[in-house]
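In what follows, a structure is listed as structure tokens, so that the remarks can point back to it.
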There are 2 protein chains.
Amino acid sequence: MDTKGSSLLPEGAKARLVYLSLKDEIADGRLADGDNLPGEQRLAETFGVSRVTVRRALDALSADGLIERRVGSGTVVRANGFGKKPVAMDFTTLMPQLVEMGQSTTARLLSFSYGPAPDFVARAMKLGADEKVQIATRVRSADDRPFSHLTTYVPETIARNYSEHDLATTPLFKLLERSGVHIGDAQQSVSATLAGPEVAEALEVAVGSALLSLRRVVRDETGKGVEYLSALYRPDMFRLEMALTRVGSGSSRHWEPAIGKTEADVA
Amino acid sequence: MDTKGSSLLPEGAKARLVYLSLKDEIADGRLADGDNLPGEQRLAETFGVSRVTVRRALDALSADGLIERRVGSGTVVRANGFGKKPVAMDFTTLMPQLVEMGQSTTARLLSFSYGPAPDFVARAMKLGADEKVQIATRVRSADDRPFSHLTTYVPETIARNYSEHDLATTPLFKLLERSGVHIGDAQQSVSATLAGPEVAEALEVAVGSALLSLRRVVRDETGKGVEYLSALYRPDMFRLEMALTRVGSGSSRHWEPAIGKTEADVA
DNA sequence: CCGACCTGTATTATGCATAATACAAATCTG
DNA sequence: CAGATTTGTATTATGCATAATACAGGTCGG
């Protein structure tokens, strides 16, 4: 019952890639539980590596309990290790949907400090030159399995209104509005990045794993930034979801978000 | 000039680790623009590797335009490299915003066939058991630089209404509606994944790069799937963006998408 | 102006990842 | 049963990442 994540990831570049690729395919369902994957020779050709290299990747997957190898028969996917449905967050409401399995999330504070805002933060938040911000990094876990790594920047004048302890327990929105901030609008953008060493350790993934990256700037009614969020999510445990409806008619027909209609069966 | 994306991330395990570490520190501002980082010998000791290894990491960072090396003086951070504006797509309207640079996108058809739908596609689209689909893969480029890799699945009965040539020139939406399909709603989810060999080649990135992954199921008014899209985007050239507004009052205060208000200056 | 520190370059040596190949044992299929 | 395919295992060879070291040439501060 260990399933300690990627305790034994292949050192070599190629083997690691095969390992991560297959793990990804299993994680998002392209390789479903019970499927038996191509033979080692076949995989070697597909990835353009030798069979030895494929084997090293499969060794790691096997150690993770994600596959089961049978001599003569082949290798089948044992996706039970991943069986837990990922946490989904509705992109429009910003609310995680954890209800499904009675999941409860916990937050752990990794670092906490006050200091000058990094350039790109100051620019996005339209802060004054030397304005200081609170910089907090925390990791959220569901069922003791970390799925998101969050770094927030909040202007010091606002951040002084709540404590370090508040941050570990209460969503930042609540804290902001409780501090008298009138939230106006937000702008978020999504991309992808690779897991660096520190983040990898915090999220218990292999260095070089793919992560979903989200940046959000929240402004108050005057247009001044009150929160800058830089979030990294484990793709195997987290998804951004969104429902759209086609409305209008003729040439003005267009898409419109259907809030709260997220269905979980897309993947 | 060239700035060929992150095509050259170090092969070796240690060098890559140093590379990712430093890139992370630059990305989140711990190493700000203009800072000059420790000497190569110093870095080598810090990371517990040889100077040669550090150099390989720095070579990659330099190729990414993130640092600038000066003989005798030292190495300084050039965080501007993150500033190159990528193609942005509004998550709510599904419309790419290319106007900024007069970019025009072109599409290239990589493969095209009819066959049985993969399991996860059939499940998501609620297709009949042996229902065949058209499977098309194409790559979109802006200024001859590929940024997205799209695979679409469309039920054969619908797909027969347009030609292979149509697919390379006209957005799929148009084709569907022209085929008499009444589009009802869509469900999309976003995640991240690693670039496999084929995709890496098509997108001209290194194998093992992080890619933004988007899946979308479009249904008609009866709820039957008419399109399944699996898209992969280069994060250095593409972003999903979305603007939100805080509306309502009191306890019913919540977020709502602000369509068409995307601002480009978040990153 | 001199010494300290920096990047650039070269050399040699070692270990590990990878490739290529062959064969054994188990399993499935016709 | 026979042949094909699979995983398991072993062997050998090669290339590359890394380490350790040395030195040349530029830059900066005292």
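Chain letters run A, B, ... following the sequence lines, proteins first, then strands; residues in each count from 1. Every value quoted in this text rests on a predicted model; they were computed, and no experiment measured them.
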Checklist entry - So, are A/Asp236 and A/Arg234 salt-bridged, with charged N and O less than 4.0 Å apart? => result yes
Checklist entry - If we fit an axis to the first five pairs and another to the last five of the helix from C/dC1-D/dG30 to C/dG30-D/dC1, what angle do they make, to the nearest 10°? => result 40°
Item to check | Donor-acceptor side-chain pairing of B/Thr105 and B/Arg140 below 3.5 angstrom | outcome: yes
Item to check | B/Ala15: side-chain contact (heavy atoms from CB on, under 4.5 Å) partners, not counting sequence neighbours | outcome: B/Pro10, B/Thr53, B/Arg56
Checklist entry - Within the structure shown, what part of the strands sits under 4.0 Å from A/Arg56 by heavy-atom distance: base, sugar-phosphate, or nothing? => result sugar-phosphate
Next on the checklist: Among C/dG8, D/dA19, D/dA17, which nucleotide has an atom closest to any side-chain atom of B/Glu11?
Outcome noted: D/dA17
Next on the checklist: Between B/Asp64 and B/Tyr19, is the side-chain hydrogen bond (donor to acceptor under 3.5 Å, both in side chains) condition met? List the steps.
Outcome noted: CA-CA 11 Å; B/Asp64 288 349; B/Tyr19 168 76; 2.4 Å; yes
Checklist entry - Taking only residues two or more places apart in sequence, or in another chain, which ones meet B/Glu198 in a side chain to side chain donor-acceptor pair (under 3.5 Å)? => result none
Checklist entry - What's the closest nucleotide to the A/Arg69 side chain, out of D/dA17, D/dA19, D/dT7? => result D/dT7
Next on the checklist: Go nucleotide by nucleotide along DNA chain C from the 5' end; which of B/Glu40 and A/Val54 gets its closest nucleotide reached first?
Outcome noted: B/Glu40
Checklist outcome for this item: Those residues at least two apart in sequence (or on a different chain) that pass side chain to side chain donor-acceptor pair (under 3.5 Å) with B/Arg69 are B/Glu40, B/Asp59
Checklist entry - So which nucleotide from C/dG8, C/dA19, D/dT18 ends up closest to the side chain of B/Arg55? => result C/dG8
Item to check | Partner set under side chain to side chain donor-acceptor pair (under 3.5 Å) for B/Arg160, not counting sequence neighbours | outcome: B/Glu156
Next on the checklist: Return a single string for nucleotides 20-27 of chain D, one symbol per nucleotide in 5' to 3' order, where B is base contact, S is sugar-phosphate-only contact and - is none, cutoff 4.0 angstrom on heavy atoms.
Outcome noted: B-B--BBS
Next on the checklist: Among C/dT18, D/dA19, C/dT7, which nucleotide has an atom closest to any side-chain atom of A/Lys14?
Outcome noted: C/dT18
Checklist entry - Regarding A/Tyr233 and A/Arg239, is there a side-chain donor-to-acceptor distance under 3.5 Å anywhere? => result no
